[in-house]
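To keep things clear, I will list the structure first and then write my remarks on it.
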Amino acid sequence: MTIPGADGREMMLRVYEPSDRDPAAAPALLWIHGGGYVMGHPGYDDNLCLAFAEAVGCVVFSPDYRLAPEHPFPAGLEDCYATLVWIHRSAESLGLDPKRVAVAGPSAGGGLTAALSLLARDRGGPSICFQMPLYPMIDDRNITPSSHEIMHPAVWNEYNNVAAWDMYLGGRTEEVSPYAAPIRATDLSGLPPTYTCVGQLDPFRDETLEYVARLAQAGVDVEFHLYPGGYHAFEVAVPDAEISIRARNEYVQALKRALQR
């Protein structure tokens, strides 16, 4: 379907419903696809969104948000915020429970998840009951040890990361907004309960570790998993590996626990 994006244009929204959904008050998931803020499409995650819908019993909404470099920050984030607003405004007509709306996404989608949670908190809503930024892309500075460790061209690496951040921020390196790079936020209190994970060989390992520690210090309930030997998006690249199946099952079950409370 199409809904209004942040700039007033029509934005495609993919919707996934479980076959046995609650017709009166189903939980909802806003799923934000990854792709380094510069690529990707909601359709790439069809199978995963269907798995969320069936396993959790939630309705999944995945927006085709604008991408850099043609549309740098904050275009994509504002499109995601517009989607969150639309979900809440449409809750009654769509048979959704507005108290059970979660936000999740991998990589840059994880970064947008963390940023959207900050933005919704600071704007006073709409409410988010749970956030699940998976191996999130949240630090533009590339100053952690893990951001320099991974250089293999087959996976997300330092070269890709520097280029993507440059495009997303329009070349900006000073006074970067925490809504663009959430690790720059000075206050993480009041954010929704959180689940996140990252592979030990992921460039985002250290920024995820810092984010998790600071969430816990701010009093936010957080669950975290570090997967030994896991590179960036390993569970997508090699879905049949034992560790991939375990990682995917763990975050699906985390979402189910959060939305069925």
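The basis for the numbers below is simple: all heavy atoms, side chains too, and nothing from hydrogens, waters or symmetry mates.
- In this structure, T144 and P203 approach most closely via the heavy-atom pair OG1-O, 4.3 Å.
- Ring geometry for F52 versus Y251: interplanar angle of 30 to 60°, hence tilted.
- G111 and P182 make their closest contact through O-CG, 3.7 Å (heavy atoms, listed as atom of the first residue, atom of the second, distance).
- For E210, the CD atom sits in a packed shell: over 12 heavy atoms of surrounding residues, nucleotides or ligands are nearer than 6.0 Å.
- Residues T83 and P63 approach most closely at OG1-CB, 3.4 Å, considering heavy atoms.
- Separating the CG atom in L112 from the OH atom in Y65 is a distance of 5.0 Å, to the nearest 0.5 Å.
- The backbone N or O of G199 sits nowhere less than 3.5 Å from a side-chain atom of H232 that would complete a donor-acceptor pair.
- In terms of modelled atom types and a separation under 3.5 Å, the side chain of S117 and the main chain of T113 share a donor-acceptor contact.
- When side chains are defined from C-beta on, I32 counts as touching L116, because their heavy atoms get closer than 4.5 Å.
- The residues D45 and R14 are annotated as not salt-bridged, no charged nitrogen and carboxylate oxygen being separated by less than 4.0 angstrom.
- Heavy atoms from other residues, nucleotides or ligands lying under 6.0 Å from CZ of R246 number more than 12.
- Judged as a salt bridge (charged side-chain N to carboxylate O under 4.0 Å, His left out), the pairs with a partner in residues 143-164 (not counting sequence neighbours) are, in order, E149-R205.
- Checked by atom type and distance alone, the side chain of Q260 pairs as donor or acceptor with a backbone atom of V56 at under 3.5 Å.
- The closest donor-acceptor contact from the side chain of E78 to the backbone of D7 lies at 3.5 Å or more, if one exists at all.
- For the pair T208 (side chain) and Y135 (backbone), a donor-acceptor distance under 3.5 Å is absent.
- Summarising the geometry of D206 relative to S146, their closest heavy-atom pair is OD2-N, 2.8 Å, with the distance given to 0.1 Å.
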Please tabulate, for the side chains in residues 163-172, all donor-acceptor contacts under 3.5 angstrom to protein atoms that are two or more places apart in sequence or on a different chain.
unit_1	atom_1	unit_2	atom_2	d
W165	NE1	D139	O	3.3
R172	NE	E174	O	3.0
R172	NE	E175	O	3.3

Using side-chain contact (heavy atoms from CB on, under 4.5 Å), reason through Y179 and F73 one step at a time and then give a plain yes or no. CA-CA 9 Å; Y179 303 128; F73 171 82; 4.0 Å; yes

Tell me, with the steps shown, if V212 and L209 meet side-chain contact (heavy atoms from CB on, under 4.5 Å). CA-CA 5 Å; V212 166; L209 288 167; 5.8 Å; no

Tell me, with the steps shown, if E250 and E223 meet side-chain contact (heavy atoms from CB on, under 4.5 Å). CA-CA 11 Å; E250 284 172 343; E223 181 177 353; over 6 Å; no

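- A donor-acceptor pair shorter than 3.5 Å cannot be found between the side chains of E235 and Y227.
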Just do the side-chain contact (heavy atoms from CB on, under 4.5 Å) check on W156 and F204 with the steps written out, would you? CA-CA 10 Å; W156 195 256; F204 302 152; 3.4 Å; yes

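- Minimum heavy-atom separation, A26 to G57: CB-O, 4.3 Å.
- Using a distance-only test at 3.5 Å, with no hydrogens or angles considered, no donor-acceptor pair links the side chain of R66 to the main chain of D79.
- The neighbour count for E92 CD, taken as heavy atoms of other residues, nucleotides or ligands under 6.0 Å away, does not exceed 12.
- With rounding to the nearest 0.5 Å, the separation of OG in S107 from CG in D202 is 7.5 Å.
- Judged purely by distance below 3.5 Å, without hydrogens or angles, the side chains of H33 and S62 never pair a donor atom with an acceptor atom.
- Around OH of Y44, the count of heavy atoms belonging to other residues, nucleotides or ligands within 6.0 Å does not exceed 12.
- P4 and A82 make their closest contact through O-CB, 4.1 Å (heavy atoms, listed as atom of the first residue, atom of the second, distance).
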Would you be so kind as to tabulate the donor-acceptor pairs closer than 3.5 Å made by side chains of residues 183-193, with sequence neighbours excluded?
unit_1	atom_1	unit_2	atom_2	d
R184	NE	D140	OD1	2.7
R184	NH2	D140	OD1	3.4
R184	NH2	D140	OD2	3.1
D187	OD1	S189	N	2.9
D187	OD1	S189	OG	2.6
D187	OD2	S189	OG	3.3

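- The shortest distance between side-chain heavy atoms of H152 and Y231 does not fall below 4.5 Å.
- Of the possible polar contacts, one joining the R248 side chain to the P239 backbone as a donor-acceptor pair under 3.5 Å is found.
- Side chain of Y195 to main chain of A258: no donor-acceptor pair is present (N/O by atom type, distance under 3.5 Å, no hydrogens or angles).
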